[in-house]
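One structure is given here, and the rest of the page talks about it.
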Amino acid sequence: MTADASEAAEFAADALARGSEGVMIKSAASLYEAGRRGSAWRKVKPVRTLDLVVLAAEWGHGRRRGWLSNLHLGARDPTTGDFVMVGKTFKGLTDALLAWQTERFLELETERAGIAVHVRPEVVVEVALDGVQRSPRYPGGVALRFARVKRFRPDKMAADADTIGTVRSMLSRGEPTDRG
């Protein structure tokens with residue numbers, strides 16, 4: 001228990017260094033209830049960001065019908081110059097962003113497959129995420145955990161996007177990163 005911010009930060013850094021994904025903070029007066037954290041308990045994890053390229057977007061459902069919503073995200077392969085899909089996200093998008101990206105992605109459209117509109121890999125998006133995990137679902141062999149759009153990056157070219165190596169380096173400690 002501490003009221004010293006630097007002591008709390010040191011404790012959190014130590015927990016991260018030992019392989020924890022973060023720490024729990026709580027009110028000293030709150031009681032533990034099995035299966036429930038309640039509003040007095042908070043999980044605190046570092047937020048990481050990546051600059052990735054949009055490879056495709058899917059037409060939305062429900063309230064997002066008529067807009068391109070779910071983004072297919074790719075990291076740059078420095079060996080080939082291509083982009084490797086590492087995940088998807090539809091979180092963090094405002095109505096204004098949905099309208100803008102629908103117009104922009106239709107301008108960049110290369111083909112359609114089902115509900116997906118594939119685009120030229122030109123748009124860079126900064127994505128906040130909780131981490132990366134191994135996944136056979138995506139060609140990069142990794143998947144983004146809890147990815148959400150932070151902002152689009154008109155100041156960056158696709159060649160400036162993060163590499164697949166950078167994404168793989170975010171895997172949990174102890175996991176090999178040299179696969180595929």
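Worth saying up front: this structure is predicted, and the values here are computed from it rather than measured. The first residue of the sequence shown is numbered 1, and numbering continues consecutively from there. Hydrogens, waters and symmetry mates play no part in the numbers below; they use all other heavy atoms, side chains included.
Linking ILVMFWY side-chain heavy atoms closer than 4.5 Å, directly or via other members, places F90 and L68 in two distinct hydrophobic clusters. Connection of I164 to L52 is established within a shared hydrophobic cluster, with ILVMFWY side chains joined at heavy-atom distances below 4.5 Å, either directly or through further cluster members.
Partners of R48 under the side-chain hydrogen bond (donor to acceptor under 3.5 Å, both in side chains) rule, at least two apart in sequence or in another chain, do not exist in this structure.
Checked by atom type and distance alone, the side chain of D130 never pairs as donor or acceptor with a backbone atom of F146 at under 3.5 Å. Of the possible donor and acceptor atoms, none in the side chain of S30 sits under 3.5 Å from a partner among the backbone N and O of K26. Within the 3.5 Å criterion, the main-chain N or O of R76 finds no donor-acceptor partner in the side chain of T163. Of the possible polar contacts, none joining the R104 side chain to the V123 backbone as a donor-acceptor pair under 3.5 Å is found.
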With side chain to side chain donor-acceptor pair (under 3.5 Å) as the test, would you mind laying out the steps for R64 and S69 before giving the verdict? CA-CA 7 Å; R64 292 185 175 194; S69 177; 2.9 Å; yes

Before giving the answer on side chain to side chain donor-acceptor pair (under 3.5 Å), spell out for T2 and D4 the whole-Å C-alpha distance, their side-chain angles and the decisive distance to 0.1 Å. CA-CA 5 Å; T2 185; D4 182 342; 5.2 Å; no

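Using a cutoff of 4.0 Å between basic side-chain nitrogens and carboxylate oxygens, E109 and R120 are not scored as salt-bridged.
Here the side chains of V125 and K150 are not in contact, with every heavy-atom distance at 4.5 Å or above.
Nearest heavy-atom pair, Y138 versus M85, reported as atom, atom and distance to 0.1 Å: CB-O, 3.3 Å.
Residue E10 qualifies as open at atom CD: its count of foreign heavy atoms under 6.0 Å is 12 or below.
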